[in-house]
Amino acid sequence: MEIYFNPSVYLDRQLRNAASSGGLFDDSFEPQIRPSDPRHGDYQANGVLPMARKMGLNPRDAAAQLIDALKKTGAFDENLVVLSVAGPGFINFRFKAAFLKQWLAQHDSEEQLKKAAHGLFAQRRFIVDFSSPNTAKQMHVGHIRSTVIGESLCRLLEFGGASVLRDNHIGDWGTQFGILLWIIKRDGFDPLASFTDPLAKLENLYKKGVSLTNDEPAFLEEARGELVKLQKGDEENLTLWKSINEVSCGAFEDIYQRLGIRFDVVLGESFYRDQVERIYRELLETGMAEESKGALVVFHPDHPRFKEQPFIIRKTDGASNYATTDLATILHRVEEKKATDILYVVDSRQSDHFEQLFLTARKWLPKIGRPVPRLQHISFGTILGDGGKAIRTRDGEPVKLKDLLDEAVERAYAIVSEKNPGLGEEERRRVAAIVGLGAVKYADLMQNRTSDYHFSWSKMLSFEGNTAPYLLYAVARIHSIFRKINLRPGEGEEMASDFQTDVEMALARKLVEFSSVLEQTLSDWRPHFLCTYLYELAGAFSAFYNSDKVIGENPPTQSRRLVLCDRTLLILETGLHLLGLDTLERM
RNA sequence: GUCCCCAUAGUUCAAUGGAUAGAACUGCGGUUUCCUAAACCGUCAAUCUGGGUUCGAGUCCCGGUGGGGGCACCA
């Protein structure tokens, strides 16, 4: 029998085959293969129950017959897998030690795993739209989730064989530039002059501008004038605007570099500003857009809510808005980038906007003879601080992302210094950066993205529970084992016997589960499935490490335990890298 | 007003319609001449409420209560 990367694919195929060749069920049979609670087996088939019900058969009898049919096909080697009927009519599949050993032999490197996973998204070209800060403002906590989740999804997609384009759709063309240009000119500020933190200075200047224009209508008029001049292509304002964006992107880049993120494309809203006329024209020509209350809008008569709630693509004052640029962006991604899939990693509060955007695009693109990509809003909840309210500083300002990352690293440094004073200063700094930044990323990813979550320094930096430090520690311990016996991971496996102890078996089973988890994570774009799994894997390893000695056992035993150490290391590191975390050899 | 999301142990979170609802923290009780105790093991403890669908519901449907968010020109 063949050993598949994802055994459920094989099980599904064999069950369908046996059901039809045995004349038991027709083509409507869905095996419903699921990973099992380890108490029952490795996988289970749930599909016999509804099928038996439908055909008026006793479910347990039907399951037993299906198992007989399966055995007749010769698809299952009894030395590798045990089949049984259980409960009301489930079929359980339990892998024996020889199966686990063989699976682990076949999947012994990151390249192997990636190759095995490659079919998930082969031939698809994804554009992932994430992070998307506004220029002239510093990045703040509100950007963490999009940035961290977006990067992880990109890595997961690439692992699954997709072609991925990371696109940072920055907000570089908003109405904020009126006030900003006005106050800059008034105060004689040069964004490109050297300051320690020019973006922070710009932001303060903007706040001053807002406050002044709020108090004095004449100032507001002047600011509006600056915006109009910018939009009409005024030389001086354009130059200033460009330098503001340059400074902003430089500051963003610092943060992305710390987080290990690199974008393929940074095209802000300004890039699409000369394409809005085409959008107006085409939506009018195709009969989708209409004038309403002075604005150009799209209604969706077929939709209960959006038949009356307009999608505004041109404001009363004639200006475009983000609906317009988002439509232009889709067009560009389809025409120029040949996207088959576009993911928007954006706050759930914008779900109405995306629903309207997608509805509009799905009608409009076919009318102009363009393919319609799969469009998905990968939404996420809010990060909550004390009192269950969105996290803020004491003065009610959003927490700066830079400050947050600095604090994470500082806190990690203090902990590392305390726990492992033997490490040199330089190494402690390096460890602190990986642990601190990893903790912030992991705390975000381990939550179901659609729910809000409570931000807690002590929890994310704890070594207890589902945290980055716990996982990184497990990785470091495994490296330590190999250092101790002067072998590199992957070496010393030649003498391996079959797994025997309960903890060995449990760990080996957990390792094989990786393939199912990867698929589950990608099926709904939810990295927390992978996090939960990695945490369970690290737990299974710790239990094994605690009860079964690796070094110094007889050669076949040490050898097979080294296999478990190496594959645990491999999957923990692969998994953490897919989440966007760096790993350590010692900490 | 209307629409969307949420409600699971004292707390923070899990659970693609499937078997006895899993963890972590907290509490209580253990484990170290031994590969990093930054660890491991045990134990107490939960599906907001009322109906319905289903062989099977934390999960799906309808009503209620409580919380968060969106809803005409900011993104």
Side-chain angles (χ1 to χ4, degrees), chain A residues 32 34-37 39-40 44 46-47 49-50 52-53 59 86-90 92 132 134 169 171 173-176 269 292-297 304-306 308-317 319-323 325-326 346-353 355 379 381-382 384 388-390 415-416 418-420 422 435 446-448 450-454 456 458-459 462-467 469-470 472-474 476-485 516 519-520 523-524 526 528-529 531-532 535-536 539 542-553 561 565 586-587:
Chain A
Q32 295 183 34
R34 309 274 185 269
S36 269
D37 184 312
R39 285 173 292 195
H40 304 126
Q44 65 188 71
N46 297 340
L49 278 101
R53 175 85 193 165
F90 303 117
N92 285 345
S132 315
N134 291 329
H169 192 72
W173 197 245
T175 42
Q176 75 268 30
E269 287 159 352
S292 172
K293 300 183 184 173
L296 189 63
V297 310
R305 197 150 28 110
F306 303 132
E308 280 168 12
Q309 185 178 319
F311 190 51
I312 298 173
I313 57 169
R314 190 178 61 206
K315 301 188 286 180
T316 312
D317 65 5
S320 60
N321 65 2
Y322 76 140
T325 48
D326 277 357
V346 181
D347 193 326
S348 62
R349 281 176 301 199
Q350 290 192 37
S351 55
D352 271 6
H353 167 71
E355 211 179 323
S379 68
T382 309
L384 306 175
K389 294 282 178 191
I415 295 170
V416 171
E418 182 206 328
K419 304 278 188 186
N420 200 346
V435 172
M446 58 86 74
Q447 304 277 347
N448 187 341
T450 52
S451 25
D452 298 345
Y453 76 90
H454 288 82
S456 160
S458 60
K459 277 192 182 168
S462 168
F463 289 80
E464 291 162 347
N466 191 358
T467 66
Y470 178 82
L472 293 171
Y473 177 62
R477 274 172 135 185
I478 301 174
H479 276 293
S480 171
I481 293 171
F482 285 102
R483 267 199 307 276
K484 207 91 181 176
I485 48 173
S516 298
E519 203 165 309
Q520 202 189 350
S523 72
D524 206 17
R526 291 183 195 269
H528 83 279
F529 284 126
C531 294
T532 303
Y535 173 60
E536 288 167 0
S542 290
F544 156 77
Y545 177 91
N546 209 258
S547 82
D548 288 1
K549 190 134 179 62
V550 177
I551 299 172
E553 294 295 304
R561 289 181 181 167
C565 289
R586 71 180 92 219
M587 64 186 274

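To find a chain, count down the sequence lines: A is the first, B the second, and so on, and within it residues start at 1. Just so we're clear, the structure is a prediction, and the values are computed from it rather than from any experiment.
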Mind checking if [X] touches a base, just sugar-phosphate, or nothing, with heavy atoms under 4.0 Å?
{"X": "A/Gln44", "answer": "base"}
{"X": "A/Pro310", "answer": "base"}
{"X": "A/His40", "answer": "base"}
{"X": "A/Ala319", "answer": "nothing"}
{"X": "A/Asn92", "answer": "base"}

Legend entry - A/Asp352 and A/Gln350: side chain donor to acceptor below 3.5 Å: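 No donor-acceptor contact under 3.5 Å links the two side chains.
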
Inset, instruction - Identify, with sequence neighbours excluded, every residue that meets ring-ring contact (aromatic ring centres under 6.0 Å, His included) alongside A/Tyr453. - result: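 Once residues adjacent in sequence are excluded, A/Tyr453 has no partner under the ring-ring contact (aromatic ring centres under 6.0 Å, His included) criterion.
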
Using a cut-off of under 3.5 Å, enumerate the N/O to N/O pairs linking the protein to nucleotides 53-58 of chain B.
residue: B/C55; atom: OP1; partner: A/Arg53; partner atom: NE; Å: 2.9
residue: B/C55; atom: OP1; partner: A/Arg53; partner atom: NH2; Å: 3.3

Inset, instruction - Could you check which of B/A38, B/A72, B/U12 has an atom nearest any side-chain atom of A/Asn420? - result: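 For the A/Asn420 side chain, the nearest candidate turns out to be B/A38.
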
Inset, instruction - Check side chain to side chain donor-acceptor pair (under 3.5 Å) between A/Asp37 and all other residues, then give those that pass, not counting sequence neighbours. - result: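 With neighbours one apart ignored, the set is A/Arg39.
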
Any N/O pairs under 3.5 Å between the protein and nucleotides 68-71 of chain B? List them or say none.
residue: B/G70; atom: O2'; partner: A/Asp352; partner atom: OD2; Å: 3.3
residue: B/C71; atom: O2'; partner: A/Gln309; partner atom: OE1; Å: 3.2

Inset, instruction - Could you state the atom-to-atom distance from CD1 of A/Ile415 to P of B/A37 in whole Å? - result: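 After rounding, the reported distance stands at 18 Å.
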
Legend entry - Distance, rounded to the nearest Å, where A/Glu464 contributes CD and B/C13 contributes C1':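 So the CD-C1' distance, A/Glu464 to B/C13, works out to 16 Å.
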
Inset, instruction - Assess whether one donor atom and one acceptor atom, taken from the side chain of A/Asn46 and the base of B/A19, lie less than 3.5 Å apart. - result: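 No, no donor-acceptor pair under 3.5 Å.
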
Inset, instruction - Measure distances between side-chain N and O atoms of A/Ser292 and base N and O atoms of B/A72, and say whether any donor-acceptor pair falls under 3.5 Å. - result: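 Under the 3.5 Å cut-off, the side chain and the base do form a donor-acceptor pair.
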
Between [M] and [N] - [atom1] atom distance, rounded Å:
{"N": "B/U8", "M": "B/G42", "atom1": "P", "answer": "27 Å"}
{"N": "B/C25", "M": "B/C6", "atom1": "P", "answer": "28 Å"}
{"N": "B/G52", "M": "B/U12", "atom1": "C1'", "answer": "33 Å"}
{"N": "B/A57", "M": "B/U2", "atom1": "P", "answer": "32 Å"}

Inset, instruction - Determine the stems involving RNA chain B; a stem requires 3 or more consecutive pairs of the Watson-Crick or G-U wobble kind, each with both distances below 3.5 Å, and the answer is none if no such run exists. - result: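 The stems that RNA chain B takes part in, listed by first number, are B:1-7 with B:65-71, B:10-13 with B:22-25, B:27-31 with B:39-43, B:48-52 with B:60-64.
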
Under 3.5 Å, N/O pairs linking protein and nucleotides 28-35 of chain B:
residue: B/C34; atom: O2'; partner: A/Lys549; partner atom: NZ; Å: 3.0
residue: B/C35; atom: O2; partner: A/Ile551; partner atom: N; Å: 3.2
residue: B/C35; atom: N3; partner: A/Val550; partner atom: N; Å: 3.1
residue: B/C35; atom: N4; partner: A/Tyr545; partner atom: O; Å: 2.4
residue: B/C35; atom: N4; partner: A/Asp548; partner atom: O; Å: 2.8

